[in-house]
Amino acid sequence: MNPTHHTIGPLPEPLSGLRDIALDLAWTWMRDARRLFRSLDPTLWAETRENPVRLLKELPSGRLQECAEDPEFLALLESVRGQMAVLASDDGTWFSVNHPELAGRTVAYFCAEFAVHHSVPIYAGGLGVLAGDHLKCASDLGVPLVAVGLLYRHGYFDQRFDDDGRQVSEDEVFDPSVLPLTRLEAGAGPGLASVRLEGRTVHLSAWEMRVGRTRVFLIDTNLQENAEQDRELTARLYEDGEELRLKQEWILGVGGVRVLRAVGIEPTGWHANEGHAAFMMLERARELVERGSSLDEAVREVRSRSVFTTHTPVAAGHDDFHLDQIQSILDPVWEELGVDAAGFMRLGKAPGDDDDVFHMTAAAIRMSSRINGVSAQHGEVSRRIWQGLWPDKAPDDVPIGHVTNGVHRWTWMASRIQCMLDEELGAGWEARVQDPALWDRVLSIPDERVWQVHLGLKRHSAGFLREQARVRWRDQWTDAKHFAAAGPLLDPEVLTLGFARRFTSYKRADLLLRDEERLRRLLTDPHRPVQLIYAGKAHPADDEGQRILERIHQLAWDPRNEGRVAFVEDYDMHLARALFQGVDVWLNLPRAPMEASGTSGMKAALNMVPQLGTHDGWWAEGFDGENGWIIPIAADLDDPDEEDWEHVFRILEDQVVPLYHDRNGNGVPVGWARRMKRALWVAGRDFTADRMLRDYVASYYAPALSPEGIPEDGGAPTA
Ligand SMILES: *Cc1c(COP(=O)(O)O)cnc(C)c1O
């Protein structure tokens, strides 16, 4: 078996260290490492979409030789190697200093998707990015975490549009030879572990992805020894079809535990990030039953080591499976648990559901002692949704807490802003980010400075969009109108609003389109025009999302909108970074209270871009009156769209546009710059993954890792 995926060829001796750097995704958040790769060949770096494995593969050997003799390059390489070497040890990390008593213990973190870098396209959206940021920050803080996921060889999907503006989905381009993954060697058997599905044995192999101190194991069923149809089980993420979902989740949960055992990792604490991973708890219970426990005892034991995070109040975000499906796909699993089918189904029974439905979130809640939502408001909503599991408790007493999401600062904050902070906050500020007083100093950065940095970023992003459109026009588009819609017409000097996320109906990408005339007046004002830039994929099975995409294309193509609307194709982390850095206002318009947290507004804010958002998710606690604008809760919660729409327009027309154009003698919008700094101040201090991880450690991981496990303080579900 080929032990590695990537095919980086031989490098000149002095540059041999580049290989290890390229194969550890920690490079993605190291400014010097990014600079190092870019300096090898800035054009190829952009063309490979910042994929160092591809860069090293494709770089002409002459250029490599040149760098091998360039003292400046070698000095930078040495410095990056030094920064990487620090990650080989846990000495002196925040975790090792604060929790020496937990040394040597590990948390296993299971998730259906991970977004660490766009070159490993095994994610669809917010959940994956959040999970990726969690891993990166675990590395930064030295939190002992290993992660388990699936390797989707065809990714999610690539987004294209036909000449009528209809979304066409294609398999994501996925070249295994340019992935920073290492295949784990199996022992004697065909894979590392196996599961049973439909009466067949499915062998599992695994790939390791390095994210600094954090190891990620990605399971893959594409093994010769597997039946043809089973080799495709892990091919695509969130493919339609409940049976496939059940199989994938079985592979993730049950297979994931077995793979960890096979590679000799013995976690103490276990974290299921969203209900997709709930079978991980079942497998641990099965292991205990096999060793002689009753199922009740096993569940009690599993609970004391398990943490579960729920990520959405939207019903479609929670999987459930019918007894018939379970019976036909899984061997009679209940026999191995020492119960009958009814006893098994009770573990996954959700309040109000029939007895023959196994609900993954309900199961995860029953098998975890610590459960959380992802913002204060989502915690409250979740307590109400799941109160039926504790019929004797008032909603406020339901033991579901919250940890508000945060984003990985070093991934999402533009290098230019980090450079500005080097000067404004003093060298070494990166080591003091946990000190709130550090962030206070952001507020006194000169307005002129803030504004110039922002304009530089806007121009840079506009250039990026133009180049991306040019390449797509060259390679793919048959009609020039796609080019017109893709951003080249945007003017970096004009007030620009950004909206990018999954196109699912509750996120309301079409809210501004309720009255196209009013929108047009806003966009085409001759003196104070506004630009609108959209990006996002709709799930191929989501018809309403597709219709919205089509409408936005019509809007962008309509000459009456004067090129002030753009839709940028194929939203991913790479494009997201350009958008967070390159717009003036971030729009976030979910129908409250459907957005559990939302994180894109935090990333925008780390780039000094204030958010205009509904009173929902993180914004309900993150808005402080001056770091953006908030749409108040609608009086009619059953039909809030009209009210919210009126509010957005009034805020845009009466506040956003005038403030943006209120300039001092040097052309600096002073009031606006203040809001930008305020956005950075709040997000940098309170909405980073660093704060999030420390919250998880304090209330979730430390108890789960302690010798006695998590105390049953909240009480297990009684229904
Ligand atoms: C942050 C992010 C998301 C999630 O954005 P929300 O505001 O939570 O909807 C989705 N996709 C990408 C690429 C992101 O970077």
- Task: Might you work through the side-chain contact (heavy atoms from CB on, under 4.5 Å) test for V129 and W412, ending with a clear yes or no?
- Result: CA-CA 11 Å; V129 181; W412 297 107; 3.5 Å; yes
- Item | Check: T614 and V648 side chains under 4.5 Å, non-hydrogen atoms | no
- Message: For a side-chain contact (heavy atoms from CB on, under 4.5 Å) check, start with the C-alpha distance between T268 and V107, then their side-chain angles and the critical distance, and finish with the verdict.
- Response: CA-CA 6 Å; T268 304; V107 176; over 6 Å; no
- Task: Without swapping roles, check the side chain of R409 against the backbone of G684 for a donor-acceptor pair under 3.5 Å.
- Result: yes
- Item | Distance, nearest 0.5 Å, that separates CD1 of I400 from CG of N372 | 9.5 Å
- Item | Between CZ on residue F344 and CG on residue L323, distance to nearest 0.5 Å | 9.0 Å
- Specify the closest pair of heavy atoms between A509 and I548, including all atoms of both residues, with the distance to one decimal. CB-CG2, 3.9 Å
- Go through the side-chain N and O atoms of Y156 and D572 and say whether any donor and acceptor fall under 3.5 Å apart. no
- Message: Given the ring of W681, does R685 sit roughly above its face, with NZ or CZ under 6.0 Å from the centre of the six-membered ring and within 45° of the axis?
- Response: yes
- Any donor and acceptor pair, going by atom type alone, linking the side chain of W390 with main-chain N or O of G715 inside 3.5 Å? yes
- Task: Would you sort out whether T234 and L151 count as a side-chain contact (heavy atoms from CB on, under 4.5 Å), showing the intermediate values?
- Result: CA-CA 7 Å; T234 52; L151 180 72; 6.0 Å; no
- Item | R284 with E301: basic N within carboxylate O range, under 4.0 Å | no
- How about R291 and L288: do any of their side-chain heavy atoms sit closer than 4.5 Å? yes
- For A277 against A272, the heavy-atom pair lying closest together: CB-CB, 4.0 Å
- If only atom types and distance count, is the side chain of W619 paired as donor or acceptor with the main-chain N or O of W629 below 3.5 Å? yes
- Query: Among side-chain atoms of T718 and D392, is any donor-acceptor pair under 3.5 angstrom?
  - Reply: yes
- With the side chain counted from C-beta on, respond yes when V333 and R196 share a heavy-atom pair under 4.5 Å apart, and no when they do not. no
- Distance (rounded to the nearest 0.5 Å) between Q387 CD and K393 NZ: 10.5 Å
- Message: Ignoring hydrogens and geometry beyond distance, is a side-chain donor-acceptor pair present between Q377 and E621 at under 3.5 Å?
- Response: no
- So, the side chain of D354 versus the backbone of D356: is there a donor-acceptor pair under 3.5 Å, distance only? no
- Task: Would you check, one step at a time, whether the test ring-ring contact (aromatic ring centres under 6.0 Å, His included) holds for Y696 with H134?
- Result: CA-CA 10 Å; Y696 273 111; H134 196 97; 5.3 Å; yes
- Query: Do side-chain atoms of H402 reach the backbone of T404 as a donor and acceptor pair under 3.5 angstrom?
  - Reply: no
- Item | Electrostatic pair R383-D396, nearest N-O below 4.0 angstrom | no
- Task: Find out whether M602 and S597 are in side-chain contact, i.e. whether some heavy atom of one side chain is under 4.5 Å from a heavy atom of the other.
- Result: yes
- Query: Considering only heavy atoms from C-beta outward, does the side chain of D140 approach that of D690 to under 4.5 Å?
  - Reply: no
- Does any donor atom in the side chain of R501 or N588 lie under 3.5 Å from an acceptor atom in the other side chain? yes
- Note on the structure: Given the options I326, D319, D320, L246 meets side chain to side chain contact (heavy atoms under 4.5 Å, CB included) only with I326
- Query: Do V146 and T214 have side chains that get closer than 4.5 Å, going by heavy atoms?
  - Reply: no
- Does any N or O in the side chain of E335 come within less than 3.5 Å of the main-chain N or O of P332, such that one atom is a donor and the other an acceptor? no
- Message: For the backbone of M281 and the side chain of R286, can you confirm whether one donor and one acceptor N or O come within less than 3.5 Å of each other?
- Response: no
- Task: Would you sort out whether L282 and M367 count as a side-chain contact (heavy atoms from CB on, under 4.5 Å), showing the intermediate values?
- Result: CA-CA 8 Å; L282 203 64; M367 292 188 279; 4.2 Å; yes
- Indicate whether the side chain of H408 and that of T411 have a donor and an acceptor atom separated by less than 3.5 Å. yes
- Using the six-membered ring of F157, assess whether NZ or CZ of K537 lies under 6.0 Å from its centre and within 45 degrees of the ring axis. yes
- Query: About how many Å separate CG of L337 and CG of L347, when rounded to the nearest 0.5 Å?
  - Reply: 7.5 Å
- For Y238, the option from R245, H539, E113 that meets side chain to side chain donor-acceptor pair (under 3.5 Å): E113
- Under-4.0 Å salt bridge between K247 and E243: no
- Query: When you check the gap from the basic side-chain N to the acidic O, do D686 and R691 get nearer than 4.0 Å?
  - Reply: no
- Charged N to carboxylate O below 4.0 Å: is that the case for R508 and D644? yes
- Message: Do E101 and H99 pair up side chain to side chain, a donor and an acceptor below 3.5 Å, judged on atom types alone?
- Response: yes
- Message: Using 0.5 Å steps for rounding, measure from the OG atom of S306 to the OH atom of Y700.
- Response: 14.0 Å
- Query: Strictly by modelled atom types, are T599 and N405 linked by a side-chain donor-acceptor pair under 3.5 Å?
  - Reply: no
- How close do I365 and P717 get, heavy atom to heavy atom, and via which atoms? CG2-CG, 4.2 Å
- Note on the structure: From the list Y571, W586, F499, ring-ring contact (aromatic ring centres under 6.0 Å, His included) with F580 holds only for W586
- Item | Distance-minimising heavy-atom pair for S368 and F308 | OG-CB, 3.3 Å
- Task: Evaluate salt bridge (charged side-chain N to carboxylate O under 4.0 Å, His left out) for K349 paired with D353, printing each intermediate quantity in order.
- Result: CA-CA 7 Å; K349 171 137 169 51; D353 272 5; over 6 Å; no
- 4.5 Å side-chain heavy-atom contact, F321 and E249: yes
- Is the backbone N or O of W94 less than 3.5 Å from a side-chain atom of N98, with the two atoms forming a donor-acceptor pair by type? yes
- Message: Using modelled atom types and a 3.5 Å cut-off, is there a donor and acceptor pairing between side-chain atoms of E198 and backbone atoms of L330?
- Response: no
- Query: Do side-chain atoms of Y123 reach the backbone of M573 as a donor and acceptor pair under 3.5 angstrom?
  - Reply: yes
- Does any donor atom in the side chain of N273 or H311 lie under 3.5 Å from an acceptor atom in the other side chain? yes
- With under 30° as parallel and over 60° as perpendicular, where do the rings of H271 and Y109 fit, or are they tilted in between? perpendicular
- Check: L150 and L218 side chains under 4.5 Å, non-hydrogen atoms: no
- Task: Applying side chain to side chain contact (heavy atoms under 4.5 Å, CB included) between P632 and each of H615, H647, E643, report the one that passes.
- Result: H647
- Over all atoms of both residues, closest heavy-atom pair of G388 and A719: O-CB, 3.4 Å
- Note on the structure: When every non-hydrogen atom of W386 is compared with those of A350, the smallest separation belongs to CZ3-CB, 4.1 Å
- Message: For E712, run the salt bridge (Lys or Arg N to Asp or Glu O under 4.0 Å) check against R300, R303, R370 and tell me which one passes.
- Response: R303
- Task: Describe, in one word, how the ring planes of F110 and W270 are oriented to each other, choosing from parallel (under 30°), tilted (30 to 60°) and perpendicular (over 60°).
- Result: tilted
